[in-house]
A.B. asks: 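Mind looking over this structure? Questions follow.
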Amino acid sequence: MLTYTLRRILGMIPTLLIISAVCFAVIKLQPGSFTDQYLEDPRFTRETAEAISRQLGLDQPAIVQYGRWLWGVVTRLDFGYSFLQNRPVVSVIGDLLGWTVFLSLITLLFSWLVAVPLGLYTAFNRHGLAAGVANFLGYVGLAIPDFLAALLLVALVLQLGGTNVGGLFSPAYIDAPWSWARVADLLKHLWIPVLALGLEGVAGLMRQMRASTLDVLTQDYIRTARAKGLPQHRVIWRHAVRNAINPLISLAGLSLPALISGTIIVSIVLSLPTIGPLLYDSLINKDQYTALTLLMLSAFLLLVGNLLADLALAWADPRVRYT
Amino acid sequence: MLKRTLPLVTLALLGGALAAPKKVTGYGGLGVVDGKPGGTYTLVLGDSPQSLNYYGVIDNNLGLLAQQMFDGLVEFNYASYKVEPALAESWVVSPDGKVYTFKLRQGVKWSDGQTFDADDVVFTYDQIIMNPEARAGDAANFKLDGKPVQVKKVDANTVQFILPRPSPAFLLQMRSFIMPKHRLLKFSQEGGAKPADINNAWPSNVNEAEVVGTGPFKLSNYTAGQKVTLVKNPNYWKVDGRGTKLPYLDRLEFLIIRDPQAQVAQFLAGNVDQLNISGAQFPDLKQREVSGAPFKVMRSTALFGSPPFVAYNFDAKDPALAKVFSDARFRRAMQSALNRDRIIDTVYNGLASLPGHGVAPVNKEWYTNTTKQLGTFDLKAAAAALDALGLKDTNGDGVREISRGKNLEFDLTYATDSSVYPAIATILQNDFSKIGVKVNLKGILAKNLLSTGQSGNWEMILHAFGDQPDPELRKPIWQPGGALYYWHRSLMPAQDGGKPNLARMAPWEKEIYNIFDDAATTTDRSKRKALYTRWQLLFAQNLPVTPIAKPENIGAVSNKYGNYIYNLGVIPGYNPVPLIYQK
């Protein structure tokens, strides 16, 4: 197990290297350059734009720029400099990391807590009316993009005379120190993004859970267990659910990169201080090191998520063994 | 204004360090009344500020904040846009037009209590604005004929600018925000840093107390991605008619909201007190106002702001197209097929008016009435004019031929992510097709419009440049061979700052070229006016670009606040916010 884990972790290094090279190449292949915005402004001459290119090292060949960035990462864990914000990429990302992780975790928790029981319920009562309704809502949830759900919720709140229509706090609480009132204000705002972001996840997970439960229910060992006369709840919880949940663990691992890119539009629509819009901005403006670092972070999370999912599978499913 | 402040100057001299505040009066015509102190005013920022150093990044959001935190030596009158005293109380221009001597307002203090003086002004211009490595500096405008402008401290309250040649629009450059030497010295060459280090001053995670200005407000707090809070600067140097210290407001809060719909939602929910909106959002908000919502929607004719135009590439890759495009008769013919009224009605909801040629019609000082030359929408006349040019449809396929077997067909490059360009492009395509001109729409991102324009890789383009109070400030755009005169790129000098290719200019282009060169050094106001009048007529007649419409500015403001004058945007030296008060 330990060697397996170590091997996997070492295996990530060349993968990440290749990914970083590909990402950098893709960023560089976009038309335009960071200094275009300087050309846009009549106050600037081409000389100024060239001076800025020189300051930022953009006059060097792409391979040199990449090499320098990589060397900085390897030797000093320096992920480069944000052209847009005039400060290190790490501090720019750090500003937003807290809220991003918080929102993602709470959304993930919400979707699991709602989806797993619903999936089980619809699997066991698949011909009931309630299951039909849940399934239908699942389809709707899958079909509505998260930003649209967010807009609809905002419009609804506005129509009902509410004032919590975006952001995580009311203006007065944004920079207030923590207090119970601030927590209450946060909760008043939090439900919209959690619902909007979580809805799609709920729908997907629920259907996955339902499908794999149905799959498991036809297996021999369930019939054996039933034939042995085990009580229904033991059949469900001890045998069915434990086996049916495996695909969901893999899914959970794969959902980690959504931390970075999953919230772009919702964050813009709801003015949430997450990393999503930063990735968008950095790609649009060719703020290359910020974009590259975020893409790398996303790739890294995917690999880590995969690894964690595999380890969790080994723990959850006695048939999976790594040596 | 000068006469009124003179007694105050004497007073200040007598009283030593006695402050000489500027009295802000005379705006009754704009509906401005005496307000009362106190209150919080919430606005929106379209995105997080990239830095807090105005000269370190080009960023409109920072511009909005900087406008409240810093002042220039001179500023615009809110009503007439004429230049009037700000941090400089008075100035004298030498008879040869080359030496500008500014007497600084005495008793002005930075928001941290330090005294503002000539050292700050010299430092700002010499070390920051004229520093070619400062990313948002302005070094190029402080070099005339290749020679730099000199800034000299005469005494603690007097600064002199010595120009290599007369430059009548120079005073407008003096709107640049003055920065505190005592805080920024360590980032400057004078303080031993590298020239480019100035860009690293005051990043967005700077300690708030470091950011010091003379403006009405000072930085209090920045919460990443959410809000910027400014608080009243108690040392501000303006008072109202009754002598009450400005600004009236205690706090100015900027919520960071990127999505325009979300901004409107926050405004409707009452979390935002004032919002600048687009023509598309106008009907909904106006209707709510009429049915009793607690806010007002105001329209105002714009001086600044960008009127869209279409340009034809004189140097198009296809030589036949290039030949047609560089013919003024063709551009005039196409102008008759340009339905301005329809665009103003449907695209701008009627919230726009006919454009000027390089000067906004509201700019009384320089505008020449060229409405007649805009022509009228007349497809028959357009078709006849194209026929006369020999561009006829000979094979009966509904499209004119540019040469044998080759259709008059070209791409129109426009921005897909704009609220107005796609609709305008469709209207143009539709009307042009009716006279046998086939236009293919080619959408790109708005931010790539200019670089695409300058690359020369386009045939017809829909774009806009902003208007300014003085045509001199738009010289790189409208002077043939200028850095932004991209529809005729073959005129550009081989090297930056060199002489453009005069031989390739059309006679009217050469005349415009000379007009801009002459006007730049003519100090006599009426002579300059005559020159720019001639330029506008040449522009209207020859259409280097064809202007489409001049959009109005629309703003919505909560009824809780008084003295709102439309915020014209990020224009240094124009800041009516200190007058706003909570009722």
A.B. asks: Which atom pair, heavy atoms only, marks the closest approach of A:V165 to B:A265?
C.D. replies: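 Looking at all heavy atoms of both residues, the shortest contact is CG2-O, 3.7 Å.
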A.B. asks: Could you tell me whether A:I63 atom CD1 has more than 12 heavy atoms of other residues or ligands within 6.0 Å of it?
C.D. replies: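 Open: at most 12 neighbouring heavy atoms sit under 6.0 Å from CD1 of A:I63.
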A.B. asks: Which residues, numbered in order, of residues 69-78 of chain A come under 4.5 angstrom of chain B by heavy-atom distance?
C.D. replies: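 Checking residues 69-78 of chain A against chain B gives no residue, so none.
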A.B. asks: Passes side chain to side chain contact (heavy atoms under 4.5 Å, CB included), A:I284 versus B:L445? Steps please.
C.D. replies: CA-CA 9 Å; A:I284 288 284; B:L445 286 177; 4.0 Å; yes
A.B. asks: Under 4.5 Å heavy-atom distance to chain A, tell me which part of B:D47 shows up: side chain, backbone, both or neither.
C.D. replies: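 Only the side chain of B:D47 comes within 4.5 Å of chain A.
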A.B. asks: With a sphere of 6.0 Å drawn around NZ of B:K143, does it hold more than 12 non-hydrogen atoms of other residues, nucleotides or ligands?
C.D. replies: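 Check fails, neighbour count at 12 or below.
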A.B. asks: Could you go through B:L255 and A:I174, starting from their C-alpha distance and side-chain angles, then the distance that decides it, and tell me whether this counts as side chain to side chain contact (heavy atoms under 4.5 Å, CB included)?
C.D. replies: CA-CA 9 Å; B:L255 297 186; A:I174 289 176; 3.7 Å; yes
A.B. asks: Give me the contact list for residues 86-93 of chain A versus chain B, heavy atoms only, anything under 4.5 Å, ordered by residue number.
C.D. replies: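 Listed by number: A:N86, A:R87, A:S91.
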A.B. asks: Could you check whether any side-chain N or O of B:K227 sits under 3.5 Å from a backbone N or O of A:P171, counting only pairs where one atom can act as donor and the other as acceptor?
C.D. replies: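 Side chain of B:K227 to backbone of A:P171, a donor-acceptor pair under 3.5 Å: yes, one is there.
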A.B. asks: Relative to chain A, which segment of B:T452 carries a heavy atom at a distance below 4.5 Å: side chain, backbone, both, or neither?
C.D. replies: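 Neither part.
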A.B. asks: Which heavy atom in B:A269 sits nearest to a heavy atom in A:G162, and how many Å separate them?
C.D. replies: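 So the two residues come closest at CB-O, 4.0 Å.
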A.B. asks: Using a cut-off of under 4.5 Å on heavy-atom pairs, state which of B:S204, B:P203, B:P195 scores highest against chain A.
C.D. replies: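 Counting heavy-atom pairs under 4.5 Å, the top option is B:S204.
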A.B. asks: For A:Y280, does the OH atom sit with more than 12 other heavy atoms under 6.0 Å from it, leaving out its own atoms?
C.D. replies: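 No, OH of A:Y280 has 12 or fewer neighbouring heavy atoms, counting only those of other groups under 6.0 Å.
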A.B. asks: Could you go step by step and tell me if A:D281 and B:R258 meet the side chain to side chain contact (heavy atoms under 4.5 Å, CB included) rule?
C.D. replies: CA-CA 11 Å; A:D281 274 351; B:R258 305 163 54 110; 3.1 Å; yes
A.B. asks: Check each atom of A:F147 against the heavy atoms of chain B and say whether the ones under 4.5 Å are side chain, backbone, both or neither.
C.D. replies: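 Neither the backbone nor the side chain of A:F147 comes within 4.5 Å of chain B.
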A.B. asks: Hey, what do you get for CG (B:D259) to OG (A:S271), rounding to the nearest 0.5 Å?
C.D. replies: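 Result: 7.5 Å between the selected atoms.
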A.B. asks: Kindly give the heavy-atom pair with the smallest separation between A:P273 and B:A224, and that separation in Å.
C.D. replies: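 The answer is CB-O, 3.9 Å.
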A.B. asks: My understanding is that only residues two or more places apart in sequence, or in another chain, count here; which of them pass side chain to side chain contact (heavy atoms under 4.5 Å, CB included) with A:Q60?
C.D. replies: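 So A:Q60 forms a side chain to side chain contact (heavy atoms under 4.5 Å, CB included) with A:V64, A:Q65, A:R68.
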A.B. asks: In terms of heavy-atom proximity below 4.5 Å to chain B, should A:I275 be classed as side chain, backbone, both, or neither?
C.D. replies: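 Contact with chain B is absent: no heavy atom of A:I275 under 4.5 Å.
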A.B. asks: Report, by ascending residue number, the residues of residues 148-159 of chain A in heavy-atom contact with chain B at a distance under 4.5 Å; give 'none' if the set is empty.
C.D. replies: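 Contacts with chain B: A:V154, A:L158.
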A.B. asks: For A:W180, does the CH2 atom sit with more than 12 other heavy atoms under 6.0 Å from it, leaving out its own atoms?
C.D. replies: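 Incorrect, the count does not exceed 12.
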A.B. asks: For the backbone of A:T163 and the side chain of B:N271, can you confirm whether one donor and one acceptor N or O come within less than 3.5 Å of each other?
C.D. replies: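 Here the side-chain-to-backbone pair exists.
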A.B. asks: So, A:D95 and B:Y222: side-chain donor and acceptor under 3.5 Å apart, yes or no?
C.D. replies: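 Short answer, no.
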A.B. asks: In Å and rounded to the nearest 0.5 Å, what is the CZ to CG distance from B:R135 to A:L56?
C.D. replies: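 One gets 4.5 Å once the value is rounded to the nearest 0.5 Å.
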A.B. asks: Heavy-atom distances under 4.5 Å only: say whether B:Q226 touches chain A with side chain, backbone, both or neither.
C.D. replies: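 Answer is both: backbone and side chain atoms of B:Q226 are under 4.5 Å from chain A.
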A.B. asks: At their closest point, which heavy atom of B:E133 faces which heavy atom of A:Q55, and how far apart are they?
C.D. replies: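 Nearest pair, atom of B:E133 first, then A:Q55: O-NE2, 2.6 Å.
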